[in-house]
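See structure below.
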Amino acid sequence: MEQPRVTAPSIFDALKALSLPDRAVIDGGLVKAASGQTFDNVSPRDGTLINKVAACQAVDVDRAVASARKAFEDGRWRDQGPRAKKAVLFRLAELMERDAEDLALLESLDTGKPIRDARAVDVPLSIGTCRWYAEALDKVYGEVGAAPVDRLSWAVHEPLGVVGAIVPWNFPLHMAMWKVAPALAMGNSVVLKPAEQSPLTALKLGELALEAGLPAGVLNVIPGLGGVAGEALALSMDVDMIAFTGSGPVGRRLMEYSGRSNLKRVSLELGGKSPQIVFADCRHLDAAAEAAAWGVFYNQGEVCTAASRLLVEEGIKDAFVEKVIAVAKAMVPGDPLDPDTVFGAMVSERQMNTALDYIATAESQGARRLLGGQRVRQDTGGFYVEPTIFDGLQPDHTLAREEVFGPVLGVQTFKDADEAIALANDTVYGLAAGLWTSDIDRALTSARRLKAGLVWVNGWDACDITMPFGGFKQSGFGRDRSLHTLHKYADLKSVSVTLR
C-alpha cells in the first residue's frame, strides 16, 4: 500500500487531531481499569508523556478472560461459517487501511521508529497479514483415515478456545496481527496483552475490530504491566494457550506459569544472536554490505532477527567492513516523525542504557570500536544511540554471546567454511542466519549445517507471510506466519464411526 508523502508540519497538524487510545477493550466496551489506575506512556522521541493508559490488574484480566470464554462457548464467533468470518476480517483490514496514517503515527510515537518505516512496513504488513489469514481460513482441511469397511474415521482441526497473546514493543501492531489474525481465523477468542512501552496500536486495533463487526468478547485488549497483567493472563486457569514474542527470561516464566496453572500450551518466539556470513567468493559484496548494515541497524537494532554478528572471510575482511561502515554512516539518528529520518530512537531510556552498557563492556573486553558508540540528540530528551560497529570480536566476548537488542554490530573473521559454520552455531540461540556466496554447493551445504529456523542465502530477511517464522534452541518453539501457524491455534480431533 503506497502512502502519500507527508511533510513534517502536516504530521504535527495530524498529531493535534490524533485520538490517543487509553482504555482497555473488554467484552465489547472501552473501559478503565477497575482500580482506576493508569501508567505513563512515554514517547522515546523526546521523553515526554504521550498519555496515561489503563493499568489492568488481575481483576481486569479475569474479566477479559471470562468474556472471551463466554464468547467462545456460546459460539458467536466459533460457529460462524468461513464466509462470515472472512467478511469480518476483510472489513477489519479495510478499516486499518482507512486509518493507516493514524496507526503509523501511533506506532512511531510509541516506539520511536521512523514514521517512514511505520507507513511503508509496519502498517501495510499488518493489514496484509489480516487479509492473508482471512483468505486462508477455509484452507485448513481434515483427513479421512484408512479404516475397515465397517468403520469411518476422520480427523478434524478444532479451535483451542481462549488464546492469550503477549506481544513485544518493537513491532507492536505487526506482531499482534501475526497472532490475532490466525487465532481468530481458526475460531478462537483472544485476549491481547500489548507491551506497556507500546500499547496504542493494539488498543486502536481492538476498537477497529468492534467496528468491523467482530462480536463482543472475541477480541479483548488488556494494557498493563507485564509483571501484573501479563502474569495474570499466563496464570489463568481458563486460558488455553499463550502465544508470546519477547525475551528468553520471560519465556521461561511463561512455561513455569503453564505448569503452575492448567498446563496451557505455550508458543515462544524469543531472542537471537544471528550471524551473517560473507565468503570471499561472493560476487555481490556491495549488496552484502548493505544487508550487513541494514540487517543489524534497521529499527535501531530492536529486531529479534537482527544480524548482530558479522562473520567475514579473512582475505576480504578489512575492505568489506569499510563498505559496511560507509553504509552505516548514512544512518544518522533523527526525529522519528521526520519523513526523511531512517534511524530513530530506542524504545525507552532503559533499553538505551542497556545498549550503552553492552558497548562499554565490549570496549572493556578488548573489542575495537570502529564506528559510533555514543548517545546522541540528548538535547531532545529522547533516547538515541548511534549505529555502532566493533571489530576484533572473540567468541567468548559478551557481545558475541548475548542479545543486545540495540544498534551494535560485532565483526569476527574465519579462515574456511568449517570455521564459519562453527562460529555461527556457537550460540544458545537459533533464530536466523544468513550467508553470502557465489558457490551453489557451499550455499546449499551451509544452509543445511546452520542451526537456525530461518536461513537466508544472498539476502537478509528475504521472506514473507507465506513462510513460517520461528527458531531453534533457546530462540523458542512454535511458528508464526504461513499456513502452519493455523494448526498452532487448533486441536486435532479423531472421530470414528462404527457402521451397524
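- Thr398 and Gln365 form a side-chain donor-acceptor contact under 3.5 Å, judged by distance and modelled atom types alone.
- Counting only distance, with no hydrogens or angles, the side chain of Asp46 and the backbone of Gly381 share no donor-acceptor pair below 3.5 Å.
- The NE2 atom of His284 lies 10.0 Å from the OG1 atom of Thr437; values are rounded to the nearest 0.5 Å.
- Ring-centre distance between Phe390 and Tyr358: not below the 6.0 Å cut-off.
- For the pair Ser446 and Leu435, the tightest heavy-atom approach, listed with the atom from each and the gap, is CB-CD1, 3.8 Å.
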(message) Between Lys488 and Asp480, does the salt bridge (charged side-chain N to carboxylate O under 4.0 Å, His left out) criterion hold? Intermediate values first, please.
(response) CA-CA 9 Å; Lys488 181 171 75 176; Asp480 289 315; 3.0 Å; yes
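- The backbone N or O of Glu94 lies less than 3.5 Å from no partner atom in the side chain of Arg91, so there is not a single donor-acceptor pair.
- Minimum heavy-atom separation, Ala136 to Leu483: CB-CD2, 3.7 Å.
- A donor-acceptor contact shorter than 3.5 Å is absent between the side chain of Arg375 and the backbone of Met352.
- In this structure, Thr485 contributes its side chain and Arg479 its backbone to a donor-acceptor pair below 3.5 Å.
- Between the CD1 atom of Ile359 and the OG1 atom of Thr388 there is a distance of 3.5 Å, given to the nearest 0.5 Å.
- Looking at Glu402 and Lys273, no side-chain N of the basic residue comes within less than 4.0 Å of a carboxylate O on the acidic one, giving no salt bridge.
- Rounded to the nearest 0.5 angstrom, Ile115 CD1 and Ser108 OG are separated by 4.5 Å.
- Screening Lys451, Arg401, Lys473 for a salt bridge (charged side-chain N to carboxylate O under 4.0 Å, His left out) with Asp426, the sole residue that qualifies is Arg401.
- With hydrogens and angles disregarded, no donor-acceptor distance shorter than 3.5 Å links the side chain of Asp40 to the backbone of Val42.
- Proximity of Leu18 to Leu106: side-chain heavy atoms (C-beta onward) are separated by under 4.5 Å at one or more points.
- Nearest approach of Ser475 to Gly272, heavy atoms of both residues: OG-CA, 4.2 Å.
- The pair Arg131-Glu97 meets the salt-bridge criterion, with a side-chain N (NZ, NE, NH1 or NH2) lying under 4.0 Å from an Asp/Glu carboxylate O.
- Heavy atoms only, all atoms of each residue included: His174 and Asp122 are closest at CB-O, 4.4 Å.
- Rounded to the nearest 0.5 Å, atoms CD (Glu302) and CG (Asn170) are 7.0 Å apart.
- At least one side-chain heavy atom of Pro199 sits less than 4.5 Å from a side-chain heavy atom of Asn41.
- Here the side chain of Gln276 pairs no donor or acceptor atom with the backbone of Leu310 at under 3.5 angstrom.
- Using a cutoff of 4.0 Å between basic side-chain nitrogens and carboxylate oxygens, Lys113 and Glu107 are not scored as salt-bridged.
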(message) Could you go through Glu207 and Leu30, starting from their C-alpha distance and side-chain angles, then the distance that decides it, and tell me whether this counts as side chain to side chain contact (heavy atoms under 4.5 Å, CB included)?
(response) CA-CA 8 Å; Glu207 295 176 11; Leu30 309 183; 3.8 Å; yes
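- Nearest heavy atoms, Gln57 versus Ser35: CG-OG, 4.0 Å.
- Contact detail for Cys130 and Leu89: the closest heavy-atom pair is SG-O, 3.3 Å.
- Arg309 contributes no side-chain N or O that, together with a main-chain N or O of Ser274, makes up a donor-acceptor pair within less than 3.5 Å.
- To the nearest 0.5 Å, atom CG of residue Leu285 and atom CD of residue Glu290 are 12.5 Å apart.
- Contact annotation: the side chain of Leu337 approaches that of Leu109 to within less than 4.5 Å [non-hydrogen atoms, C-beta and beyond].
- Side-chain atoms of Asn51 and Leu200, non-hydrogen and from C-beta on, do get closer than 4.5 Å to each other.
- Crowding of Arg98 atom CZ: a count of heavy atoms from other residues, nucleotides or ligands under 6.0 Å exceeding 12.
- Salt-bridge check for Asp22 with Lys52: failed, with every basic side-chain N at 4.0 Å or more from each acidic carboxylate O.
- Between Lys179 and Thr245, the side chains place a donor N or O and an acceptor N or O closer than 3.5 Å (distance only, hydrogens not considered).
- A distance of 6.0 Å or more separates the ring centres of Trp178 and Phe171.
- The closest side-chain heavy-atom distance from Thr354 to Val404 is not below 4.5 Å.
- Put simply, the side chain of Glu322 does not reach to within 4.5 Å of the side chain of Asp318, judged on heavy atoms.
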(request) Could you please spell out the steps behind the ring pair (Phe, Tyr, Trp, His ring centres under 6.0 Å) verdict for Tyr133 and Tyr489? (result) CA-CA 13 Å; Tyr133 283 108; Tyr489 296 107; 8.7 Å; no
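- Remark: side-chain polar atoms of Ser438 are paired, donor with acceptor, to backbone N or O of Asp281 under 3.5 angstrom.
- Under a cutoff of 6.0 Å and an axis angle of 45°, Arg377 and Tyr384 form a cation-pi pair.
- More than 12 non-hydrogen atoms from other residues, nucleotides or ligands lie less than 6.0 angstrom from NE2 of His397.
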(message) Working note: Trp436 + Phe320, criterion ring pair (Phe, Tyr, Trp, His ring centres under 6.0 Å); need CA distance, chi angles, decisive distance, verdict.
(response) CA-CA 12 Å; Trp436 290 79; Phe320 182 76; 8.5 Å; no
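- Between Pro387 and Met331, some side-chain heavy-atom pair lies under the 4.5 Å cut-off.
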(request) Decide salt bridge (charged side-chain N to carboxylate O under 4.0 Å, His left out) for Lys193 and Glu196; before the verdict, give the C-alpha distance in whole Å, the side-chain angles of both, and the deciding distance to 0.1 Å. (result) CA-CA 9 Å; Lys193 162 62 177 73; Glu196 56 263 35; 3.5 Å; yes
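- Here Tyr298 and Trp460 keep their ring centres 6.0 angstrom or further from each other.
- Using a 3.5 Å distance cut-off with no hydrogens or angles, the side chains of Asp117 and Asn299 do not pair a donor with an acceptor.
- At least one donor-acceptor pair under 3.5 Å links the side chain of Ser348 to the backbone N or O of Gln351.
- Ser482 contributes no side-chain N or O that, together with a main-chain N or O of Thr466, makes up a donor-acceptor pair within less than 3.5 Å.
- A heavy-atom distance below 4.5 Å is not found between the side chains of Val190 and Asn220.
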